[in-house]
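Okay, so here's the structure we're looking at.
In this text the structure is predicted, and so the values were computed from the model without any measurement. Atoms within a ligand are numbered from 1 in the order they appear, just like the ligands themselves. By convention here, the first residue in the shown sequence is residue 1.
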Amino acid sequence: MAKLKIRLAKTDDSLSMAEILREIGWSEKRNNMPLEEVANPIKELINHCNEDPNGHTMIVAVDENNEVIGFTTVHWVPFVMLGSWEGYISDVFVSPSASGKGAGSALVKYVMEQGENRGCMRLMLTNGKEKPSYQSGFYKKMGWTERPKVANFVYYYREPWS
Ligand SMILES: CC(C)(COP(=O)(O)OP(=O)(O)OC[C@H]1O[C@@H](n2cnc3c(N)ncnc32)[C@H](O)[C@@H]1OP(=O)(O)O)[C@@H](O)C(=O)NCCC(=O)NCCS
């Protein structure tokens, strides 16, 4: 994409990020909430990440009009078993209207470079197997490996956006 920029997320980006989640439409409940209500917790998360840059990096992709078209977050995890660090990527989202133009790959590649610069041993993320991103090999094309022997467990305190 022409003039695509990657930069750290700012508090003011929360509405655009909420709008992107709404456009993607994974949660009917979230899509029926006022945008501000979706954006408020995102604002807090942006502030948290920016106050602890050694622990987290939240970045956005902006287009030539300075519109936020995508975002991702990586958490730098001290990992005793590895004797090193793992970067855990928790969100990779690009507005469907800007999809297919390289923003998603640019965000992930930025994180890959950051991890290398920080001397991390590896990066990790989850990707729903029914999602087009998984089926189109989005991560594999960038050199990521799917782990055949590892199950992904979660423990819920509450359902997200249920
Ligand atoms: C996955 C996602 C971030 C990709 O962003 P993007 O900006 O569209 O990706 P890119 O333009 O960099 O595309 C990279 C490659 O992945 C493929 N791809 C990515 N998303 C795809 C999708 N939804 N459907 C089909 N192919 C897709 C593209 O075809 C492209 O392959 P190519 O280079 O061989 O043509 C975006 O589609 C998205 O936000 N999806 C919903 C959320 C999601 O699934 N996130 C990832 C898992 S957490």
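Taking CD from Gln114 and CD1 from Ile59, the interatomic distance works out to 7.5 Å, rounded to the nearest 0.5 Å. Atom CZ of Phe71 and atom CG of Asp13 lie 10.5 Å apart (nearest 0.5 Å). To the nearest 0.5 Å, atom CZ of residue Arg7 and atom CG of residue Asn66 are 7.0 Å apart.
The closest protein non-hydrogen atom to atom 7 (O) of ligand 1 is Gly104 N, 2.8 Å. Residue, atom and distance of the protein heavy atom nearest to atom 37 (O) of ligand 1 are Ser99 OG, 3.7 Å. Here the heavy atom of the protein found nearest to atom 36 (C) of ligand 1 is Val94 CB, 4.1 Å.
Backbone and side-chain nitrogen or oxygen atoms of Ser133 are examined, and one is located within less than 3.5 angstrom of a nitrogen or oxygen of ligand 1. Polar contact check, Thr126 against ligand 1: no nitrogen or oxygen pair lies under 3.5 Å apart.
Looking at heavy atoms from C-beta onward, Leu4 lies out of side-chain contact with Asp63 at the 4.5 angstrom threshold. For the pair Phe93 and Leu21, the minimum side-chain heavy-atom distance is below 4.5 Å.
The protein does not reach atom 40 (N) of ligand 1 closely, with no heavy atom under 4.0 angstrom from it. Counting protein heavy atoms under 4.0 angstrom from atom 33 (O) of ligand 1 gives zero.
By the criterion of a heavy-atom distance under 4.0 Å, both the backbone and the side chain of Val92 are placed next to ligand 1. Heavy atoms of Ser136 found under 4.0 angstrom from ligand 1 belong exclusively to the side chain. Within the 4.0 Å heavy-atom criterion, the part of Lys141 lying near ligand 1 is the side chain and not the backbone. Under 4.0 angstrom from ligand 1, the non-hydrogen atoms of Ile24 all belong to its side chain. Contacts between Phe71 and ligand 1, counted as non-hydrogen atom pairs separated by less than 4.0 Å, are absent for every part of the residue.
By the 6.0 Å contact criterion, CD on Gln135 is enclosed, its count of non-hydrogen atoms from other residues, nucleotides or ligands being greater than 12.
Annotation: cation-pi pair Arg122/Phe79 present, NZ/CZ under 6.0 Å from the ring centroid and within 45° of its normal.
With no hydrogens or angles considered, no side-chain donor-acceptor pair links Asn40 and Ser14 at under 3.5 Å.
Close approach of ligand 1 to Asn127 is summarised as follows: ligand atoms under 4.0 Å from at least one heavy atom of the residue are 47 (C). Applying the 4.0 Å criterion to heavy atoms of Gly102 picks out, from ligand 1, the atoms 10 (P), 11 (O), 12 (O). Within the listing of ligand 1, atoms 10 (P), 12 (O), 13 (O), 14 (C) sit less than 4.0 angstrom from a heavy atom of Ser105. Close approach to Trp26 involves these atoms of ligand 1, each under 4.0 Å from a residue heavy atom: 41 (C), 42 (C), 43 (C), 44 (O). Each of the following atoms of ligand 1 lies closer than 4.0 Å to a heavy atom of Gly100: 6 (P), 7 (O), 8 (O), 11 (O). Shown in contact with Pro132 at under 4.0 Å from a heavy atom are these atoms of ligand 1, numbered in order with element: 22 (C), 23 (N), 24 (N).
Here the shortest heavy-atom distance to atom 4 (C) of ligand 1, taken over Tyr139, Tyr134, Phe93, Phe138, belongs to Phe138.
Contact record, Ser84 with Cys120: OG-C, 4.0 Å, taken as the closest heavy-atom pair.
For Thr73 (side chain) and Asp91 (main-chain N/O), no donor-acceptor pair under 3.5 Å exists by modelled atom type.
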Does the pair Asn127 and Tyr139 meet the rule for a side chain to side chain contact (heavy atoms under 4.5 Å, CB included), with working shown? CA-CA 9 Å; Asn127 188 197; Tyr139 294 107; 3.4 Å; yes
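Sorted by first and then second residue, the salt bridge (charged side-chain N to carboxylate O under 4.0 Å, His left out) pairs involving residues 125-145 (not counting sequence neighbours) are Lys129-Glu146, Lys140-Glu146.
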